[in-house]
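Report on the following structure.
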Amino acid sequence: MSKPPRFDLLLVLLFTVIALASDSVTATPITQLFKEAPQFYNSPDCAVLVDEDESDGEASILCSDQAVHVAMTLDTAYIRGSMAAILSVLQHSSCPQNIAFHFVASATANATFLRATISSSFPYLNFRVYPFDDSSVSRLISTSIRSALDCPLNYARSYLANLLPPCVRRVVYLDSDLVLVDDIAKLAATPLGDDSVLAAPEHCNANFTTYFTPTFWSNPSLSLTFANRKPCYFNTGVMVIDLDRWREGDYTTKIEEWMELQKRIRIYELGSLPPFLLVFAGNIVPVDHRWNQHGLGGDNFRGLCRDLHPGPVSLLHWSGKGKPWARLDANRPCPLDALWAPYDLLETPFALDA
């Protein structure tokens with residue numbers, strides 16, 4: 001059944017007014033409005049995952065082994081980046097109707113508001129929003145070199161196996177500050193072999209020792225963690241994860257154990273990344289670097305402009321302090337921010353007045 005034009009936009013406007021008027025709302029309201037994206041259709045050779053007569057097709061896709069499952073976090077601070085990332089995934093997919101999005105939002109966020117925001121721009125998107133209990137990880141978080149890295153939602157990627165339903169067996173995790181320029185199905189199809197839990201682009205030329213403190217390396221019982229492994233840095237903003245194997249190995253608990261140790265002995269400085277490296281580095285399936293051209297946001301202090309790494313590009317990732325939407329709004333964009341701008345769905349004041 002079709003719905004009135006921009007119904008969800010009206011709902012977003014209504015929630016914005018309520019949020020701004022209410023003293024009881026503690027979460028930051030979404031005051032941005034976004035354009036409706038074009039509808040994208042499957043190519044003729046895509047698998048048919050839902051019968052036309054099926055009453056709850058969205059639910060069946062959200063549990064289908066044939067669907068490409070994408071997990072992302074969703075919050076007000078990065079909603080503009082999330083909208084651009086979603087659009088880029090759909091636009092470059094050969095089977096966009098076979099993609100299921102699993103969004104994780106703080107349990108204290110206004111989930112109805114977030115759902116309405118997504119539905120307003122993507123009325124036909126297959127998605128679900130899952131609440132994440134911040135308190136489950138807040139007690140384990142140690143301060144890092146950048147306050148944004150200390151947000152509990154930044155650690156939600158460690159809990160995907162618990163948050164998503166058991167029927168979701170494999171997922172592509174994506175950060176919100178990136179865009180794809182290639183078909184995500186290629187990334188999702190990465191072979192994980194007989195026992196690997198995750199795949200990601202590795203960067204073995206990075207100085208791995210800098211991700212941990214001298215206290216870590218000087219303690220033999222800790223540094224021997226990497227014995228018989230060839231650990232390399234990998235960015236956790238783009239990962240293919242076998243959730244069945246994650247659940248079987250109880251890897252969430254393994255990550256939490258390192259975070260608990262960090263509360264007692266400072267063994268690293270950089271947020272949610274080091275526990276992943278401690279558990280997985282040297283034991284992941286390497287993915288071509290084209291799938292995470294990361295660091296476009298500069299470092300964690302100044303966010304200076306950076307160039308692309310040599311080689312082909314399938315995914316552009318503005319990891320680091322500088323985000324393309326903030327630099328564009330400040331009229332101080334980096335050259336590569338122009339590659340993010342076409343996916344920006346933010347309604348301009350002129351468009352709203354029209």
Side-chain angles (χ1 to χ4, degrees), residues 68-73 81-82 84-85 88-89 92-93 99 149 154-158 160 170-212 226 229-243 245-246 251 255 268 270-300 306-324 336 339-340 343:
V68 172
H69 294 275
V70 178
M72 300 175 66
T73 57
S82 301
S88 73
V89 170
H92 296 284
S93 172
I99 300 175
L149 301 176
N154 197 42
Y155 291 79
R157 70 196 80 193
S158 303
L160 292 175
R170 173 187 282 232
V171 71
V172 178
Y173 174 81
L174 299 176
D175 273 352
S176 297
D177 53 356
L178 55 77
V179 294
L180 277 81
V181 291
D182 203 345
D183 193 338
I184 196 171
K186 299 176 186 177
L187 177 60
T190 301
L192 289 175
D194 295 331
D195 54 10
S196 293
V197 177
L198 65 83
E202 284 186 317
H203 297 271
C204 295
N205 59 337
N207 186 352
F208 191 79
T209 60
T210 61
Y211 293 98
F212 302 96
F226 297 111
R229 290 158 64 178
K230 293 182 179 179
C232 294
Y233 161 76
F234 65 93
N235 181 278
T236 55
V238 180
M239 298 183 288
V240 181
I241 306 173
D242 186 312
L243 293 178
R245 293 176 183 174
W246 185 293
Y251 285 97
I255 288 174
Y268 57 80
L270 195 62
S272 63
L273 170 65
F276 263 87
L277 297 179
L278 287 161
V279 173
F280 293 110
N283 290 327
I284 73 171
V285 172
V287 176
D288 193 290
H289 289 175
R290 70 187 301 150
W291 286 105
N292 194 352
Q293 285 272 349
H294 70 292
L296 303 185
D299 59 24
N300 283 300
R306 286 185 177 173
D307 295 327
L308 289 174
H309 305 291
V313 180
S314 292
L315 184 150
L316 298 153
H317 186 188
W318 280 262
S319 57
K321 184 177 182 180
K323 302 307 175 188
L336 291 176
L339 299 177
W340 181 88
Y343 302 98

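If you read the sequence from its start, that first residue is 1, and numbering goes on from there. If you're wondering where the values come from, they're calculated on a predicted model, not measured in any experiment.
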For the [atom1] atom of [X] and the [atom2] atom of [Y], what is their distance to the nearest 0.5 Å?
X    : Y    : atom1 : atom2 : value
Y173 : L243 : OH    : CG    : 13.0 Å
K230 : C204 : NZ    : SG    : 9.5 Å
N292 : H203 : CG    : NE2   : 6.0 Å

Residues forming a side-chain hydrogen bond (donor to acceptor under 3.5 Å, both in side chains) with [X], sequence neighbours excluded:
X    : value
T209 : N207
S158 : none
N205 : none
Y343 : H92

Check salt bridge (charged side-chain N to carboxylate O under 4.0 Å, His left out) between R170 and all other residues, then give those that pass, not counting sequence neighbours. none
Counterpart residues, side-chain contact (heavy atoms from CB on, under 4.5 Å), relative to [X] (two or more places apart):
X    : result
I284 : L198, A200, E202, F234, F280
D288 : R290, W291
A199 : T190, L192, V240, V285, V287
D194 : none

Can any side-chain N or O of [X] pair as donor or acceptor with the backbone N or O of [Y] at less than 3.5 Å?
X    : Y    : answer
S88  : L180 : yes
R157 : T236 : yes
R306 : G297 : no

Among H317, H289, H309, ring pair (Phe, Tyr, Trp, His ring centres under 6.0 Å) partner for H294: H309
Test log, rule side chain to side chain contact (heavy atoms under 4.5 Å, CB included), inputs F226 and L278: CA-CA 8 Å; F226 297 111; L278 287 161; 3.8 Å; yes
Looking only at heavy atoms, what is the nearest atom pair of [X] and [Y], with distance?
X    : Y    : answer
G81  : W340 : CA-CZ2, 4.3 Å
A85  : M72  : CB-CE, 3.7 Å
Q293 : L296 : O-CG, 3.6 Å

Does a side-chain heavy-atom distance below 4.5 Å link [X] with [Y]?
X    : Y    : value
I99  : V89  : yes
V181 : V313 : yes
L277 : F212 : yes
S319 : D175 : no

Check step by step if side chain to side chain contact (heavy atoms under 4.5 Å, CB included) holds for L308 and L316. CA-CA 9 Å; L308 289 174; L316 298 153; 3.4 Å; yes
Quick note, salt bridge (Lys or Arg N to Asp or Glu O under 4.0 Å) partners involving residues 177-191, not counting sequence neighbours, are D177-K323, D182-K186
I'd like to know whether V238 forms a side chain to side chain contact (heavy atoms under 4.5 Å, CB included) with L187, so could you lay out the CA-CA distance, the side-chain angles of the two residues, the decisive distance to 0.1 Å, and finally the verdict. CA-CA 10 Å; V238 180; L187 177 60; 3.9 Å; yes
Residues at least two apart in sequence or cross-chain that pass ring-ring contact (aromatic ring centres under 6.0 Å, His included) with Y211, listed by chain then number, are Y233
Dump the intermediate steps for side chain to side chain contact (heavy atoms under 4.5 Å, CB included) on I184 and L174, then the final yes or no. CA-CA 11 Å; I184 196 171; L174 299 176; 4.0 Å; yes
